[in-house]
Amino acid sequence: MAEPSQTLTLEQALELASQHHKAGRLPESEAIYQQILKENPEQVDAVHMLGVLAYQVGKHELAVELITKATTLQPNSPEAFCNLGLALQALDQFTESETCYQQAIAMKQDYAVAHDNLGVLYQQLDQYEKAVTSHSMAIQINPGLLNAHYNYGLVLQKLGKTQEAILKYQHVLSLNPQQVKAITNLGSCFYELEMFEEAEAQYR
């Protein structure tokens, strides 16, 4: 593959890398990000997205290093702080992760994904009431954010609010019938309520 600098502008190279990234062609996207950084080590979009890619393949320490650099280069990017929160959370650095999500939200109060991610973190810390607040806020901002509905269902299930959890999972499945985790958890909710036929149907 030709080097991006030989045939493409920076904007075109970033767009091509983004297309590969979104399509799951990670080696192709990584090659372009790396070439961009070879020419300009502080090109913030390439630094950031290479960090996101590292997170996606489980290289969490590298992800933290790269996305931290991105937040230094561009300290007003809520997306970078949100992604840094994810990488830190994967390393069990929960306090630092929470701080990053809060920074992202402070910059962009209607950042539904950051609210939802913060809710997932609170669930991991068994702070369920805080999780409810965060997931509720994410859904209020973006009612179409399926992950937020699913995650809200999880916390409701953990709180023993099984009927409410069922409604959340059913909403997710009405929009995405292939969401396997929602199907499984819906079955578990029915089982908890001794609705065994309904549970069996979900498990099947």
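- Note that CG of Asn185 is 5.0 Å distant from CD of Gln157, once rounded to the nearest 0.5 Å.
- Taking every heavy atom of both residues into account, Ala104 and Cys82 meet most closely at CB-N, 4.0 Å.
- With contacts defined as side-chain heavy-atom distances shorter than 4.5 Å, the pair Leu173/His171 does not qualify.
- A donor-acceptor pair under 3.5 Å is formed between the side chain of Asn83 and the backbone N or O of Glu79.
- Shortest non-hydrogen contact noted between Val44 and Ala70 is CG2-O, 3.7 Å.
- One N or O on the side chain of Thr71 and one on the backbone of Thr68 form a donor-acceptor pair closer than 3.5 Å.
- Hydrophobic clustering (ILVMFWY, side-chain heavy atoms < 4.5 Å, transitive): Ile166 and Val172 are in one cluster.
- You'll find the side chain of Leu154 reaches within 4.5 Å of the side chain of Tyr169, heavy atoms only.
- Put simply, the residue from His149, His115, Gln140, Gln123 that forms a side chain to side chain donor-acceptor pair (under 3.5 Å) with His135 is Gln123.
- No side-chain heavy atom of His48 sits under 4.5 Å from any side-chain heavy atom of Leu66.
- For Lys158, the NZ atom is densely surrounded, since the number of other residues' heavy atoms within 6.0 Å is greater than 12.
- Applying the 6.0 Å contact sphere to CD of Glu96 captures more than 12 heavy atoms from other residues, nucleotides or ligands.
- Gln109 CD: 12 or fewer foreign heavy atoms inside a 6.0 Å radius.
- Inter-residue side-chain proximity for Tyr152 and Glu164 is flagged as unmet; no heavy-atom pair is nearer than 4.5 Å.
- Between the CG atom in Leu10 and the CG atom in Asn40 there is a gap of 7.5 Å [rounded to 0.5 Å].
- No continuous path of hydrophobic side-chain contacts links Leu16 to Leu50 [ILVMFWY only; heavy atoms under 4.5 Å].
- The NE2 atom of His60 sits 5.5 Å away from the OH atom of Tyr55 when rounded to the nearest 0.5 Å.
- Pairing each heavy atom of Pro177 with each of Ile183, the nearest pair is O-CD1, 3.5 Å.
- Residue Val52 is grouped with residue Tyr33 when hydrophobic side chains (ILVMFWY) are merged at heavy-atom distances under 4.5 angstrom, including chains of intermediate members.
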Report task. May I have the step-by-step check of side chain to side chain contact (heavy atoms under 4.5 Å, CB included) for Leu86 and Tyr101, ending in yes or no? Result -> CA-CA 9 Å; Leu86 283 172; Tyr101 293 140; 3.3 Å; yes

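- At most 12 heavy atoms of other shown residues, nucleotides or ligands fall within 6.0 angstrom of atom NZ in Lys59.
- Counting heavy atoms from C-beta outward, Met137 and Ile141 have side chains that approach closer than 4.5 Å.
- Placement of Leu121 and Tyr128 in two distinct hydrophobic clusters is found when ILVMFWY residues are connected by side-chain heavy-atom separations under 4.5 Å, directly or transitively.
- Asn151 places a side-chain N or O within 3.5 Å of a backbone atom of Asn147 that can act as its donor or acceptor partner.
- Between Val132 and Leu159 the shortest heavy-atom distance is CG2-CD1, 3.8 Å.
- Between Gln19 and Glu15 there is a side-chain heavy-atom pair separated by less than 4.5 Å.
- A side-chain donor from one of His21 and Gln56 sits under 3.5 Å from a side-chain acceptor of the other.
- Proximity of Tyr122 to Glu98: side-chain heavy atoms (C-beta onward) are separated by under 4.5 Å at one or more points.
- Taking CZ from Phe81 and OG1 from Thr99, the interatomic distance works out to 10.5 Å, rounded to the nearest 0.5 Å.
- Nearest heavy-atom pair across Gln89 and Ser97 is CB-OG, 3.5 Å.
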Report task. With side chain to side chain contact (heavy atoms under 4.5 Å, CB included) as the test, would you mind laying out the steps for Lys181 and Thr184 before giving the verdict? Result -> CA-CA 5 Å; Lys181 290 182 179 179; Thr184 303; 5.7 Å; no

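- Rounding to the nearest 0.5 Å gives a distance of 9.5 Å between SG of Cys100 and CD1 of Ile67.
- Between Cys189 and Ala165, the shortest heavy-atom contact is SG-CB, 4.0 Å.
- For the pair Gln179 and Leu146, the minimum side-chain heavy-atom distance is 4.5 Å or more.
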Query raised in the report: Would Gln103 and Leu84 count as a side chain to side chain contact (heavy atoms under 4.5 Å, CB included) if you check the C-alpha gap in whole Å, the side-chain angles of each, and the deciding distance to 0.1 Å?
Result: CA-CA 11 Å; Gln103 284 180 277; Leu84 181 55; over 6 Å; no

Report task. Run the numbers on Gln74 and Asn76 for side chain to side chain contact (heavy atoms under 4.5 Å, CB included), then give the verdict. Result -> CA-CA 6 Å; Gln74 193 174 53; Asn76 61 343; 3.3 Å; yes

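- The hydrophobic clustering, which links ILVMFWY residues whose side-chain heavy atoms are closer than 4.5 Å, places Leu118 and Leu125 together.
- Once rounded to the nearest 0.5 Å, the distance linking CG of Asp116 with CD1 of Ile139 reads 7.5 Å.
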